[in-house]
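In what follows, every chain begins at residue 1, and chains take the letters A, B, ... in the order their sequences are listed. Everything quoted here is computed from the prediction, not taken from an experiment.
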Amino acid sequence: MIDIRLVRDDRGAVTAALGRRGVAAVEVERVAELDADHRARLARRETLRAEVKALSRQVGDARRSGDEDRARELSDASRRLGEEERAAGAAADAVARELTTALLHLPNLPADDAPDGAGPDDNVILRTWWPGKDGGVPEPAPERHQRVPHWEIGEELGILDLARGARMAGSMFPLYRGMGARLLRALTSFALERHADGYEEIRPPTLVLTETMTSTGHLPKFSDEAYHVERDDLWAIPTAEVPLTSMHRGEILAEADLPVRLTAVTQCFRREAGAAGRDTRGLLRVHEFEKVELFAYTTPEQAPSAHADIVARAEGILQALGLHYRVLDLCTGDLGTSSARTFDLEVYAPGCDRWLEVSSVSWFRDYQARRAQVRYRPSGGGGPRLVHTVNGSALAWARIWAALVETGRQPDGSVALPDCLAPWLGGDTVLVAR
RNA sequence: GGAGGGAUGGCAGAGCGGACGAAUGCGCGGCUCUUGAAAAGCCGUGGGACUCCGGUUCCCGUGGGUUCGAAUCCCACUCCCUCCGCCA
């Protein structure tokens, strides 16, 4: 969530910043009003509380000096004040809850340099890359044999079995088989080993507490998007960002330990509630997929370079895989709630002729850190400060799988995979029909 | 799942109804001594909210309760440890 003090001190700036992403001014106004009300009630409560405490001390003194009458008198007075205090406290708490709820629903302030815009159409394409670009090769025009969608290739080669996946779990739960399954394992190993030089490998839980989902901003606003295990009140994570943000929840880190850089592979679960029927063929949009995530807790000063490093690593993987991709600077209208600045990486899949989002690299400033209460103690002295969090996928495999298979399809129907994966594919990078 | 024990500051660990946000030790920071370092000694050292910047208030796993007053008593829950059972 955003800093309530910003609303208090410069409401105009907050209203303007949130207005860039379509938040109505009344929402900010409401938060400001609740905050003022809350502070007034808190002051009242604390004054009463201070009086009760002072009287209680006098009760003890009177009793020690044997003056029972005075003690009784004082304790009666204290009891009456105590009742008042409880009422004032309950009122303050009620307002506090309203305030927290309102604040939890406010999105993050966009970064100053995030482009303005109303929606996906206003995102800015920063650059496009394809194999051989630097050597003067023109932007690829897909060959005829590449114009086959991955769901058909998957069936031809026996490496993707969507019908049987649906039998087990319903539609949009893919089942990979044979070399198709092995390809996923290869991608994960390849990526994790590439990131091992700077990022600690983590294997977190994939079912988490409500608090953990709230820390990243996935709750309370987007509960429809997540799978919920009711009996145990646990949530299936939509991304490793969720557990990783809570890894240091409630902690005060030493500045010398920052940045803390983590990488994790997890299953990711998304209900895709609002997207019924849109781009749902094959692996374009699935309820369960595997993703390698890069994550960092940083000081505010380190955040920009940590953000850039994750973008560079995600791009590095795409380049190693020889995929045609582009980098988008998300406009204010398309930014995720918790993010101040996001770069999306989209890969071109020639078979279905679509740009597929395979990574979203975001800088959250202290928005998530405030929710999760992750702070650090500055080396130069002074009180604890909130860390910044930064994360991005490198990468989401389902769509990479689709793009690889479509891009690598040969005239004879076989699929050539990039050499960098050979060590995990048993040395064989060509997939042929069984 | 059953039976016991526990949860206190960065860490260890006292406190078990009245000035306790909390002894002591370690750690950390500063100073003295020293050519420098170590050792020794002295001083300081949790977090949050509000503030008329004087202070006020909250936090001893979490949430309730008892009381004039709760770290301390009661109830529930969570987590950790030991033992038993079950189990990939």
Side-chain angles (χ1 to χ4, degrees), chain A residues 1-9 31-104 203-215 229-235 243 246-258 260 267 297 366 369-387:
Chain A
M1 59 195 151
I2 64 170
D3 189 347
I4 184 68
R5 270 171 292 211
L6 283 177
V7 177
R8 213 175 276 160
D9 299 341
V31 166
E33 280 165 15
L34 285 169
D35 175 51
D37 189 20
H38 178 237
R39 276 188 298 161
R41 289 173 192 276
L42 210 58
R44 162 120 181 99
R45 188 237 184 109
E46 288 186 2
T47 307
L48 287 165
R49 180 83 188 138
E51 288 173 37
V52 168
K53 285 179 74 169
L55 282 172
S56 292
R57 250 173 256 138
Q58 293 176 38
V59 172
D61 293 343
R63 194 151 288 165
R64 259 188 302 281
S65 62
D67 190 346
E68 282 302 323
D69 289 345
R70 174 135 181 83
R72 200 168 310 113
E73 198 179 302
L74 286 165
S75 84
D76 284 349
S78 179
R79 187 186 305 115
R80 281 192 298 274
L81 270 179
E83 277 157 20
E84 252 183 275
E85 186 238 315
R86 257 187 293 280
D93 288 347
V95 178
R97 271 191 297 276
E98 273 187 78
L99 175 60
T100 305
T101 304
L103 213 47
L104 282 175
R203 194 65 77 100
T206 44
L207 289 182
V208 299
L209 302 171
T210 297
E211 217 180 330
T212 306
M213 287 284 279
T214 305
S215 293
V229 184
E230 260 183 51
R231 188 186 176 97
D232 299 288
D233 195 16
L234 291 169
W235 301 82
S246 282
M247 194 162 127
H248 290 292
R249 188 170 68 218
E251 294 186 31
I252 300 175
L253 307 166
E255 179 168 356
D257 293 337
L258 297 177
V260 171
Q267 295 301 114
Y297 296 97
D366 59 13
R370 183 169 294 104
R371 288 171 169 239
Q373 281 300 301
V374 183
R375 292 171 292 173
Y376 73 98
R377 202 178 294 284
S379 321
R385 299 167 72 193
L386 292 165
V387 301

State whether [X] and [Y] are salt-bridged, where the test is any N-O pair (Lys NZ or Arg NE/NH1/NH2 against Asp/Glu carboxylate O) under 4.0 Å.
X         : Y         : result
Arg377(A) : Glu255(A) : no
Glu85(A)  : Arg45(A)  : yes
Arg44(A)  : Glu84(A)  : yes
Asp9(A)   : Arg5(A)   : no

Which nucleotide, if any, forms a Watson-Crick or G-U wobble pair with [N], using both distances under 3.5 Å?
N       : answer
rA88(B) : none
rG4(B)  : rC81(B)
rA22(B) : none
rC42(B) : rG30(B)
rU35(B) : none
rU56(B) : rA49(B)

Mind checking the [atom1] distance from [N] to [M]? Whole angstroms is fine.
N       : M       : atom1 : answer
rC26(B) : rA40(B) : P     : 9 Å
rG13(B) : rG6(B)  : P     : 14 Å
rG25(B) : rC43(B) : P     : 11 Å
rU57(B) : rG21(B) : C1'   : 12 Å
rA38(B) : rG54(B) : C1'   : 45 Å
rC60(B) : rG48(B) : C1'   : 15 Å
rA70(B) : rC77(B) : P     : 24 Å
rC28(B) : rC33(B) : P     : 22 Å

Exercise. When rounded to the nearest 0.5 angstrom, what distance separates OG1 in Thr214(A) from CE in Met1(A)?
Worked result: 10.0 Å
Seminar exercise, completed: Output for pair (Arg371(A) CZ, Thr100(A) OG1), nearest 0.5 Å, gives 11.0 Å
Looking at every strand, decide which applies to [X] at a 4.0 Å heavy-atom threshold: base, sugar-phosphate, or nothing.
X        : answer
Ala43(A) : nothing
Leu74(A) : nothing
Arg44(A) : nothing
Arg72(A) : nothing
Arg70(A) : nothing
Arg45(A) : nothing

Seminar exercise, completed: Given the 90°-from-0 boundary between syn and anti, rG54(B) should be labelled syn
For this session: Taking heavy atoms of chain A and a 4.0 Å limit, find me the 5'-most and 3'-most nucleotide of RNA chain B within that range.
Result: rG18(B) to rA70(B)
Seminar exercise, completed: RNA chain B nearest-nucleotide lookup for Ala50(A) and Gln58(A): closer to the 5′ end is Gln58(A)
Exercise. Given that Asp76(A) and Ile4(A) both sit by RNA chain B, which one's nearest nucleotide is further toward the 5' end?
Worked result: Ile4(A)
Problem set entry | Neighbour count >12 (heavy atoms, 6.0 Å) for atom CZ, Arg39(A) | yes
Exercise. His248(A) and side chain to side chain contact (heavy atoms under 4.5 Å, CB included): which partner among Asp257(A), Leu253(A), Val387(A)?
Worked result: Leu253(A)
